[in-house]
Number of protein chains: 2
Amino acid sequence: MKEGPDIAHIAALIGDPARANMLTALMSGRALTVSELAEEAGVTIQTASSHLSKLDDGGLLRPRKQGRHKYFSLASDDVAHVLEALMGLAAGSGHLRKRTGPKDAALRQARVCYNHLAGDMGTQMFDSLIAQGHLTLISDDLILTQSGQAFVAELGIDLTELRKNKSPLCRECLDWSERRSHLAGGLGRAFLRRFEDLSWAKRDAKTRVVSFTATGAKEFEKLFSVG
Amino acid sequence: MKEGPDIAHIAALIGDPARANMLTALMSGRALTVSELAEEAGVTIQTASSHLSKLDDGGLLRPRKQGRHKYFSLASDDVAHVLEALMGLAAGSGHLRKRTGPKDAALRQARVCYNHLAGDMGTQMFDSLIAQGHLTLISDDLILTQSGQAFVAELGIDLTELRKNKSPLCRECLDWSERRSHLAGGLGRAFLRRFEDLSWAKRDAKTRVVSFTATGAKEFEKLFSVG
DNA sequence: TTCATAGTTCGACCCTAATCGAAGCATCCG
DNA sequence: CGGATGCTTCGATTAGGGTCGAACTATGAA
């Protein structure tokens with residue numbers, strides 16, 4: 001004889017101190033790795049892993065694999081809302097967390113991630129493409145729209161050539177300094193290569209830093225303004 | 001290295017199935033007794049008592065002792081809000097509870113509680129007195145305001161006589177059929193006695209039923225209309 | 001290929017907390 | 001004053017789950 005909505009299960013998930021610490025850390029809106037969340041919670045990585053898979057099973061988290069890293073963020077605004085309400089009840093002073101990325105400013109601004117553009121400029125490009133309607137996110141699938149295809153062609157990228165490649169055209173990639181998405185996949189690769197071909201940017205082989213020329217930065221800004 | 005708002009503690013309180021059942025039962029807005037909540041939760045009364053004191057310590061409940069009964073209701077709208085949000089997350093179909101009072105319609109309408117008026121008319125009188133500003137609830141203390149004292153005098157109740165009594169003048173009393181407050185204490189007693197003196201009402205000794213005459217009901221309605 | 005790093009799985013330990021029986025209070029009723 | 005009812009406290013039992021060490025997998029770096 002039981003249960004409408006299983007509020008006990010979800011509350012129990014939040015009810016463990018270690019998990020609660022992880023969740024509050026994620027309230028910053030950032031995506032964090034298992035190790036980082038382990039440190040936040042003050043437990044070992046094994047325990048954190050166990051907790052995180054439970055939270056994931058409970059539908060509270062949204063995991064994303066990134067190479068050998070696994071990033072977790074809150075699953076939805078609803079989850080954040082519940083946490084917010086709980087903090088309200090707990091009535092104490094709200095307190096949020098801080099956590100930063102790489103030290104080097106140049107790396108933060110623009111760098112290579114695998115073989116595509118990352119860093120501040122990478123996320124800016126991604127955001128702009130979404131805002132202009134050139135990219136759309138449909139249930140975790142990233143789609144290049146009609147206008148996007150025109151935009152890409154205009155820039156001088158051969159889409160038909162790209163499509164021959166077996167790897168997916170568009171992939172969302174999580175930025176490790178910004179902790180926001182940027183564009184990966186064949187198209188992401190093509191963008192960076194095109195920037196280099198146009199002599200807008202140059203990548204430093206050793207440091208992963210991508211340095212834009214003055215005109216390159218200007219053109220980039222024209223194409224991917226975020227206003 | 002710890003804790004802002006202790007969301008884990010509160011979530012853990014909600015996280016136990018038995019307690020969650022009790023809390024959802026209380027979402028009806030009604031006040032329920034320990035035994036009723038025990039049945040809702042499917043546990044024995046001892047366990048329920050233990051759970052309830054924990055919830056109370058956590059500040060989630062508002063207990064009220066009523067003779068040998070102890071009624072619990074949710075402590076605040078904030079608590080209800082958190083539960084609501086949790087139910088939303090649990091995403092299942094919402095499902096509320098039912099629970100009724102005494103069978104007899106006459107008893108429900110008006111009856112004696114100790115020696116004051118209870119039932120539908122009792123709660124109506126209470127609500128009306130509050131609404132008219134004759135009574136005020138200041139942190140669990142019920143106060144007869146200036147206008148209230150005039151109102152009472154107008155009705156022909158001798159306040160100075162009442163104050164000589166050692167028992168408190170105004171007391172909030174939880175109605176067992178309506179599960180809402182009505183007026184007890186010396187003043188509550190005086191009201192009922194006055195109704196009898198005016199031949200507005202008559203109480204049946206055996207059944208606790210209070211029956212109002214036609215004119216009595218009319219006068220009552222005039223004095224204690226609810227909006 | 002070899003090494004290092006990020007996470008996961010397995011197994012064992014241990015501790016909290018839920019549970020109920022039994023006894024103890026408190027309150028009302030006759 | 002008993003006797004009945006509603007609730008609390010105490011104590012003992014038990015189970016579920018949080019924790020970490022150690023071994024394993026997967027990905028990236030040299």
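Everything numeric here is computed off the predicted structure, so don't read it as measured data. When reading the values below, keep in mind they use all heavy atoms of this one structure, side chains included, and skip hydrogens, waters and symmetry mates.
- Distance check: A:Leu117 CG to A:Glu196 CD gives 10.0 Å after rounding to the nearest 0.5 Å.
- Distance CG (B:Leu55) to C1' (D:dT8): 16 Å, rounded to an integer number of Å.
- For A:Arg68 and C:dT8, the CZ to C1' distance is 16 Å, given to the nearest whole Å.
- Residue B:Lys65 is classed as having no contact, given no heavy-atom separation below 4.0 Å to the nucleic acid.
- A:Thr24 contributes a side-chain N or O that, together with a main-chain N or O of A:Ala20, makes up a donor-acceptor pair within less than 3.5 Å.
- Judged by atom type and distance alone, A:Gln46 does not reach the base of C:dG7 through any side-chain donor-acceptor pair under 3.5 Å.
- Across the protein-nucleic acid pair, A:Asp57 atom CG and C:dT8 atom P stand 12 Å apart, rounded to whole Å.
- Spacing between atom CG of B:Leu13 and atom C1' of C:dT16 amounts to 14 Å, rounded to whole angstrom units.
- Interatomic distance, CG of B:Leu162 versus CZ of B:Arg193, reported as 7.0 Å (0.5 Å rounding).
- We find that CD1 of A:Ile45 is positioned 15 Å from P of D:dA22, with the value rounded to whole Å.
- Distance A:Arg64 CZ to C:dG7 C1': 18 Å, rounded to the nearest Å.
- Rounded to an integer number of Å, the gap from NZ of B:Lys54 to C1' of D:dT8 is 14 Å.
- Nearest nucleotide to the B:Ser49 side chain, out of D:dT19, D:dT9, C:dG7: D:dT9.
- In this structure, the side chain of B:Ser211 engages the main chain of B:Lys202 through a donor-acceptor pair within 3.5 Å.
- Taking atom CD of residue B:Glu36 and atom P of nucleotide D:dT5, one finds them 16 Å apart after rounding to whole Å.
- Not one side-chain nitrogen or oxygen of A:Lys70 sits closer than 4.0 Å to the OP1 or OP2 atom of D:dT27.
- Nucleic acid contact class of A:Ala48 (heavy atoms, under 4.0 Å, all strands): none.
- Closest contact between the side chain of B:Asp16 and the listed nucleotides C:dT19, D:dG18, C:dG7 involves C:dT19.
- In this structure, B:His69 does not reach the C:dA26 phosphate: none of its side-chain N or O atoms is under 4.0 Å from OP1 or OP2.
- Nucleic acid contact class of A:Ser35 (heavy atoms, under 4.0 Å, all strands): sugar-phosphate only.
- Toward the 5' end of DNA chain D, the nearer of the two residues B:Val34 and A:Arg19, judged by each one's closest nucleotide, is B:Val34.
- Rounded to the nearest 0.5 angstrom, B:Arg64 CZ and B:Tyr71 OH are separated by 10.5 Å.
- For B:Thr47 and C:dT19, the shortest distance from a side-chain N or O to OP1 or OP2 is not below 4.0 Å.
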